[in-house]
Amino acid sequence: VRAVWHSVLERAARGEIPYPPDPSRPLRPDELIDFAFGSFYGPDWAFLADVLSDMDTGTPIPVDPEEPGEEPEVVPFAGYAIFCNDWSLPVRDYREFAGHMRRVGRIAPDMRFSPPSTALTVGCLGSPTRIANPQHPLRVRGSATPLLVTNALHDPATGYNRAVGVARQLGREGVLFTYDGWG
């Protein structure tokens with residue numbers, strides 16, 4: 001699987017794979033990584049495997065004409081505005097960001113980067129606004145009912161280590177429910 005993945009990534013880097021929604025241009029490696037990352041959410045592993053197999057063999061990838069396009073944004077870049085207002089991301093400049101991305105590439109050579117990390121380059125880096133609700137240690141005391149923290153062991157969006165950290169911060173005020181699965 002890893003050999004096929006790396007082969008497809010290398011072919012995308014050389015511009016040899018057409019971008020499925022618009023075959024007149026090549027698929028970029030970052031788009032391939034973003035597509036794979038998005039497929040983990042369902043998870044939609046069988047579909048991802050089929051598409052990667054088609055890309056590896058040069059089989060054209062059909063685009064479903066019934067598939068709805070993206071919904072129009074009511075407010076441009078709303079997702080980035082929300083993300084950037086909730087996370088204090090102390091990255092001073094592009095040079096520091098690039099260093100972080102190189103480190104991520106060494107740690108996770110199969111994915112090379114985390115698609116959500118691109119929020120830094122699109123909207124947050126250099127943002128002059130003060131973060132309204134930055135991440136901070138939880139301070140929950142005296143809850144009549146313990147707070148329930150749930151997480152799947154194999155969730156690509158919210159790593160299990162985050163749920164363990166939240167439960168640890170809550171102490172007796174929280175209970176961690178673990179799903180031995182994904183999605």
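Fair warning: this is a prediction, and the values are worked out from it, not measured in the lab.
In terms of hydrophobic clustering, with Ile, Leu, Val, Met, Phe, Trp and Tyr side chains grouped at heavy-atom distances under 4.5 Å, Val104 and Tyr94 are assigned to a common cluster. Tracing side-chain contacts under 4.5 Å through hydrophobic residues (I, L, V, M, F, W, Y), one reaches Leu52 starting from Phe47; they form part of the same cluster. In the hydrophobic clustering of ILVMFWY residues, with side-chain heavy atoms under 4.5 Å counting as a link, Val166 and Leu153 come out together. No continuous path of ILVMFWY side-chain contacts below 4.5 Å connects Leu147 to Val175, so the two sit in separate hydrophobic clusters.
Side-chain contact between Val51 and Phe35: present, with at least one pair of heavy atoms (C-beta onward) separated by less than 4.5 Å. For the pair His100/Phe113, no side-chain contact is recorded, criterion being any heavy-atom separation below 4.5 Å from C-beta on. Side-chain contact between Glu173 and Leu138 is absent, with no heavy atoms from C-beta onward closer than 4.5 Å.
The aromatic rings of His154 and Trp182 are tilted relative to each other, their planes meeting at an angle between 30° and 60°.
For the ring-ring contact (aromatic ring centres under 6.0 Å, His included) test, residues two or more places apart in sequence or in another chain that qualify with Phe37 are Tyr41.
Atom CZ of Arg102 sits about 11.0 Å away from atom CZ of Phe97, to the nearest 0.5 Å. The distance from atom CD1 of Ile17 to atom CZ of Arg25, rounded to the nearest 0.5 Å, is 12.5 Å. For the atom pair Glu96 CD and Met101 CE, the distance stands at 11.0 Å (nearest 0.5 Å). How far CG of Leu9 is from CZ of Arg11: 11.5 Å, rounded to the nearest 0.5 Å. Taken from OH in Tyr160 to CG in Leu176, the straight-line distance is 4.0 Å, to the nearest 0.5 Å.
Asn151 contributes a side-chain N or O that, together with a main-chain N or O of Thr158, makes up a donor-acceptor pair within less than 3.5 Å. A side-chain donor-acceptor contact under 3.5 Å links Arg139 to the backbone of Pro137.
Comment: Arg28 engages Asp30 in a salt bridge, judged by a side-chain N to carboxylate O separation of less than 4.0 angstrom.
Scanning all heavy atoms of the two residues, the minimum distance from Ser7 to Asp56 falls at OG-OD1, 3.5 Å. Listed here is the closest heavy atom pair of Leu170 and Arg141: O-NH1, 4.1 Å. Here the closest heavy-atom approach between residue Met111 and residue Ile33 is recorded as O-CD1, 3.0 Å. Between Ala152 and Gly181, the closest heavy-atom pair is CB-O, 3.5 Å. The nearest pair of heavy atoms linking Leu32 to Ala12 is CD2-CB, 4.4 Å.
Within a 6.0 Å sphere centred on CZ of Arg103, heavy atoms belonging to other residues, nucleotides or ligands number 12 at most.
Shown are Pro29, Ser39, Pro115; of these, the side chain to side chain contact (heavy atoms under 4.5 Å, CB included) with Asp34 is made only by Pro115.
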